[in-house]
Trainee: 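Sending over a structure as structure tokens; questions will come in a sec.
Throughout, protein chains are lettered first and strands after them, A, B, ... in sequence-line order, and every chain is numbered starting at 1.
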Amino acid sequence: MINGFEGAFEKAGQMQRGIAKAAAMLKSNAQKINVPGSSEQGLVKKIRKAALETTVAAVDGGMLSYSFRYMDITAVRAAGVVFAYSGSRLDSHQYVPSKNPPFESFAWSGLEYGEAAGAASLARLDCEIALAARIAREKKPGMLLIDGSLVPLVSDKPAKDSQLKPEYESLVKNYSGLFSECEKNGTMLVGFSKDSRGRRFSQALEKTAELEALERASDLAVMSRALDGGERSVSLPYAQEKKSSSILEDFGEWGGRLMLFYMKPSGTAQAYRIEFLKTAQAGEDAVASACLELCMFGKRYQYPPPLIEADMVASAKPRDARIFEAEIARIGADRKIRDDRPFR
Amino acid sequence: MPVKIEPVGIAASGNDMPNTLYFPFLVKGDIRKNQYVCANVPAGRLIAMVVEIISSNRYYEKMEGVSDFSVNSGLASALPAQEWEYATAVAKVLGVLGEKGIYRSDFPVSPGSEIFTPEEEELSRFLGFVEGGLEIGSLANSNAKAHIDMDRLFGKHLAILAMSGAGKSHLAAVLIEEMLSRPAESGRMGIVVFDLHGEYAQFARGDYAKHVNVIKGEEARIPFSGLKASLVHKWYPEITQKGMMALSESLASVKKSKGTLADLERTILANAKPNTKDALLPYIQQLERMGIIAGGANPKTVEFAKPGRLNVFDLSRITSERKRQMIVQFYSSRIFNAVKAQKLPPTLIMVEEAHNFAPEKGRKGTAIAKASIEKIAREGRKFGCCLCLISQRPVHMSVTALSQCNSNIILRVTNPNDLKHIGTSCEGIDENMLKSITTLRTGDAILVGEAVNFPTFLKIRARKTHAPKSSGFLTGLAIKYEADRKKRASDVEAYL
């Protein structure tokens with residue numbers, strides 16, 4: 001062990017053990033525990049298996065971002081795919097807008113330190129959600145997957161006096177348009193998170209089950225241990241998550257209809273956080289069944305193929321980066337001193 | 001210069017390429033290994049050959065991922081993996097075809113350049129094909145016919161090298177067909193084939209019958225008048241110096257009296273000293289038993305005098321290796337001398353299993369024809385006496401003879417020693433081509449050397465004449481054997 005590292009690792013070990021113990025307790029009492037705020041009984045539900053006989057769309061975004069001394073430049077793009085399934089087999093596919101979607105670039109100057117990342121993230125989200133709304137409107141898929149949450153992160157919301165306020169408002173408007181289209185067309189709208197730090201369940205259970213170890217644990221850490229393969233947690237309204245309240249208030253009526261649960265496709269997989277817009281067609285069971293079926297294509301890497309493909313299309317390729325950098329060099333942007341140092 | 005509109009690729013950059021020798025390109029059209037491609041460069045049209053094609057797909061880059069998605073029906077049932085497949089090719093630059101000829105490439109192709117397939121006409125010009133040339137096939141992965149210039153192909157001798165069953169005899173037959181089809185105004189050579197397996201006697205039964213003369217090996221005769229002590233010594237190098245002197249004296253006296261081989265034997269018996277007699281007579285008696293020495297030659301040299309005519313020495317029924325060697329040695333030498341003296345037209349001498357007749361290493365007395373073949377290889381081209389040496393074991397062939405063959409047609413060879421030998425003895429063959437030789441299909445060939453401007457992959461055309469069946473060969477022999485046996489038994493029964 002390297003000198004000075006012992007403390008952190010010891011603490012991490014303690015936390016791990018605490019979470020494992022708490023998860024084991026939750027697992028053994030899964031049917032007895034009721035989660036405050038949930039309309040469902042118990043903690044864990046078995047997911048019903050059903051073959052996919054629908055179209056599943058997915059949207060993901062790609063981004064190239066560079067900071068200079070006096071400005072920040074970002075290029076973003078969103079990619080959408082629509083997979084048509086028959087008997088859970090991929091029948092056909094299409095790309096929206098294309099297999100090589102164009103980038104849209106933004107330049108900001110005068111951003112506060114720390115605002116630059118938020119600006120880039122907002123631009124990417126806006127691009128993604130606008131495309132998702134377009135797909136919902138034009139393709140009317142049975143299911144529409146968003147990579148990540150169905151609402152912006154708290155860190156994405158700019159301060160009241162920020163110059164990014166208009167961008168944020170445009171984003172909220174696009175989200176509302178997406179929700180509206182999905183409801184109108186009966187599209188199941190699902191946010192699929194593999195690395196969420198949400199603590200909605202841990203907070204709820206911390207008091208109910210009197211488990212101290214849950215005080216700082218993320219839901220994914222707990223649910224990955226508490227759930228077995230093919231199981232999901234009961235659902236909870238998104239709105240009750242404290243840290244998200246400042247975001248949800250911007251979404252008005254839609255905020256109250258966003259739900260979430262955790263699911264685990266198989267014993268060897270990690271749990272996923274599933275957020276969905278509750279509609280007449282999109283209840284917990286239907287969403288969980290579809291998500292489970294989508295995850296069953298891989299043996300160990302169990303992740304919805306439409307999201308894998310959307311990520312493949314959207315991600316910035318080395319060639320994109322080279323072109324982008326060449327353009328930056330052409331305009332002669334002032335590089336940051338740290339980027340110009342002749343060592344390390 | 002006509003240009004095909006649709007490009008088959010786009011030149012890329014990476015791995016220190018494009019350079020003046022190689023360039024990579026993204027494959028957009030139908031491209032195959034060893035195919036010719038071209039790009040427009042300031043000096044003209046740069047012609048290159050595809051030396052490798054690499055297929056890629058991000059979804060299949062990690063074995064773990066391929067294994068992971070192998071449940072159900074694999075990646076393709078879950079993802080549109082085929083959308084991510086693409087091929088890149090590496091092309092070897094051969095040269096630049098300009099208005100005034102072919103130049104060496106001295107500047108790389110620009111990345112981003114469109115890559116095309118060359119027009120047949122420009123490719124023919126680039127490779128050195130000629131109108132009225134020998135059409136031995138087409139370019140591999142192309143419909144362009146390969147019309148090879150006869151002068152360039154045979155002028156400095158040709159070697160056909162391949163393992164057994166790769167199509168050597170087929171190619172030789174195609175060459176013969178082309179030679180026999182040449183009109184007089186295009187220039188016709190005489191053709192002499194030393195045929196060990198009776199494969200070319202077929203020509204006497206088809207469209208070319210009137211241009212073909214088959215000499216049965218067992219009927220071939222060397223004239224007693226042409227017998228010299230030095231010639232007998234070539235056949236039997238073990239004859240001693242004293243034996244040679246006695247032979248020389250006896251030969252002179254028998255020839256003077258217009259005697260025969262039997263007279264020679266009698267003369268030696270009567271005049272030679274006992275020791276010499278005992279040492280010399282067995283050879284003369286062996287010659288008598290062979291029946292190869294006669295009063296006159298068969299065939300006579302004059303029989304080879306007609307241009308555009310095929311003369312086949314069918315040696316397939318001769319079991320004595322020495323006798324075969326003697327026939328090849330005597331007649332190749334005689335033809336060379338006659339061509340040299342302009343008594344015969346320019347002549348192509350084709351030698352099957354040439355490694356037997358001109359081996360690099362051979363015991364004394366077993367490589368009787370070697371010196372004659374090497375002499376023709378060294379001096380023949382000046383007089384229009386050309387060799388076509390055909391061999392399945394190039395590593396065992398005379399280096400002198402093989403190195404004089406300035407054109408080589410190589411079909412499939414898998415023996416590593418032969419490959420190595422080909423690599424060192426054939427100019428213009430690079431490492432990549434050498435690797436390709438092992439994977440050539442039957443009938444595919446590489447032509448290198450004097451005959452073409454650049455090494456060329458060919459698909460040898462089908463024969464116009466009837467080809468002996470090779471498939472079912474064993475079965476046919478077995479059936480025939482049993483039928484003959486049965487017939488003999490019934491004949492005996494009927495007689496009794």
Trainee: If you look at every heavy atom in B:Ala78 and A:Pro305, which pair is closest and at what distance?
Mentor: O-CB, 3.3 Å
Trainee: For the CZ atom of A:Phe297 and the CG atom of B:Leu79, what is their distance to the nearest 0.5 Å?
Mentor: 8.5 Å
Trainee: With a 6.0 Å cut-off (strictly less than), is the heavy-atom count around OH of B:Tyr103, excluding the residue itself, greater than 12?
Mentor: yes
Trainee: So with a 6.0 Å cut-off around CD of A:Gln94, is the heavy-atom count from everything else above 12?
Mentor: yes
Trainee: Give a yes or no on this: more than 12 heavy atoms of other residues, nucleotides or ligands lie within 6.0 Å of atom NZ of A:Lys194.
Mentor: yes
Trainee: Can you tell which part of A:Val81 gets under 4.5 Å to a heavy atom of chain B, answering side chain, backbone, both or neither?
Mentor: neither
Trainee: Is the shortest heavy-atom distance from the side chain of A:Ile308 to the side chain of B:Tyr59 under 4.5 Å?
Mentor: yes
Trainee: Determine whether A:His93 and B:Glu83 satisfy the following criterion, side-chain contact (heavy atoms from CB on, under 4.5 Å), listing intermediate values before the conclusion.
Mentor: CA-CA 10 Å; A:His93 67 280; B:Glu83 290 275 358; 2.6 Å; yes
Trainee: Count the heavy atoms of every other residue, nucleotide or ligand shown that sit under 6.0 Å from NZ of A:Lys49, and state whether that count exceeds 12.
Mentor: no
